[in-house]
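Comments concern the structure below.
Bear in mind the structure is a predicted one, so any value in this text is a computation, not a measurement.
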Amino acid sequence: MAGRGTVKAQSGFNANNDAETLFKAMKGLGTDEATILQLLTARSNAQRQQIKAAYKTLHGKDLVSDLKSELGGKFETLIVAMMATPVMFDVTSLKNAIKGAGTDEKVLIEILASRTQNEIGEIIKTYKKEYDHDLEQDVSGDTSGHFKRVLVILLQASRQQGVQEGKIQSDAQALFDAGEKKFGTDEDQFITILGNRSAEHLRRVFDAYMKLSGYQIEESIQRETSGGLRDVLLAVVKCARSVPAYFAECLYKSMKGAGTDDATLIRIMVSRSEIDLLDIRAEFRKSFATSLHNMIKNDTSGDYRKTLLLLCGGDDA
């Protein structure tokens, strides 16, 4: 899986030179946006962190603060997102999803359903360090019912490893008995099985479920559950099947129809750019009648578009 990102570390990297280039791009009247976006998309996240440090050492100023004061709009939001470490970007996204009135369930679901167990562990640690708060408590205080319980299970980051041959059939049967077979739904079974089994195990369970019930598990979840619970269970199922396919669908939904969900578009393009964006692009092309590159091009504009297309890396027309 390694190296399926579109953004790679620059060879012959020199943090001081890059810091100087950025300083010059922002000095005086006007800002050279083209230089900024071309430089930052051509560096890995780890290199951007070194540039931040060099910038402060050379100029006694915070690079991100300077970028914020020079740039604007969605372009600024995107560049600032690229300057955060991956774990900090997830942590601030979660914090923003919880704070204030109302909860951005979409963000909680997307991050907690798709990240690896190690990533979840790092997120919890960093959240505590940053906000002196317990992420699980904050999520619990902001959500309720079965939806809350699934998120709490995902935050335990303790999915079983591997495939348990002896449990495949009984898990499929338990899901069938809990939903399609009875009047009403026993959500507990769905929550426990989907929340705790490994992705490989779940893929086998989904096949067995299909044979047993004649339905894809997604169809049953659509019918048997609703609201936040339905959304999080579907995300868990999709990520068990294929994380890149899940993100391809999220990206498509963020741009299809009138208007663009820029927050989602930025979050996925930035957070997957060094992990699996090549696979996401391939899945996108397979599932939808267009390429990711083409859809971004038609849905965005200006420096924001240029930066997203550089992160995208290429067209799969």
Hits for side-chain contact (heavy atoms from CB on, under 4.5 Å) against T300, two or more places apart or cross-chain, chain-then-number order -> L265, I296, Y304, R305, L308
Consider only side-chain N and O atoms of N196 and T192, and report whether a donor and an acceptor are under 3.5 Å apart. no
Taken to the nearest 0.5 Å, the spacing of L135 CG from I124 CD1 works out to 6.0 Å
Check: Are H146 and D188 close enough that a side-chain donor and a side-chain acceptor fall under 3.5 Å?
Finding: no
Between L63 and M83 the two heavy atoms that sit nearest each other are CD2-CE, 3.7 Å
- Query: Does a side-chain heavy-atom distance below 4.5 Å link E122 with R115?
  - Reply: no
With D18 as partner, the option from R48, Q50, R43 fulfilling side-chain hydrogen bond (donor to acceptor under 3.5 Å, both in side chains) is R43
* **Basic-acidic side-chain contact under 4.0 Å: K128, D134** => no
For this session: Tell me yes or no: between the side chains of S291 and N294, is some donor less than 3.5 Å from an acceptor?
Result: no
Do Q161 and E200 meet the criterion of a side-chain donor-acceptor pair at a distance under 3.5 Å? no
Q | K61 charged N/C atom sitting above Y55 aromatic ring, 6.0 Å / 45° | A | no
| Y209 ring centre to R204 NZ or CZ under 6.0 Å, with the angle to the axis within 45°? | no
Side chains of Y127 and D138: do they bring a donor and an acceptor to under 3.5 Å?
yes
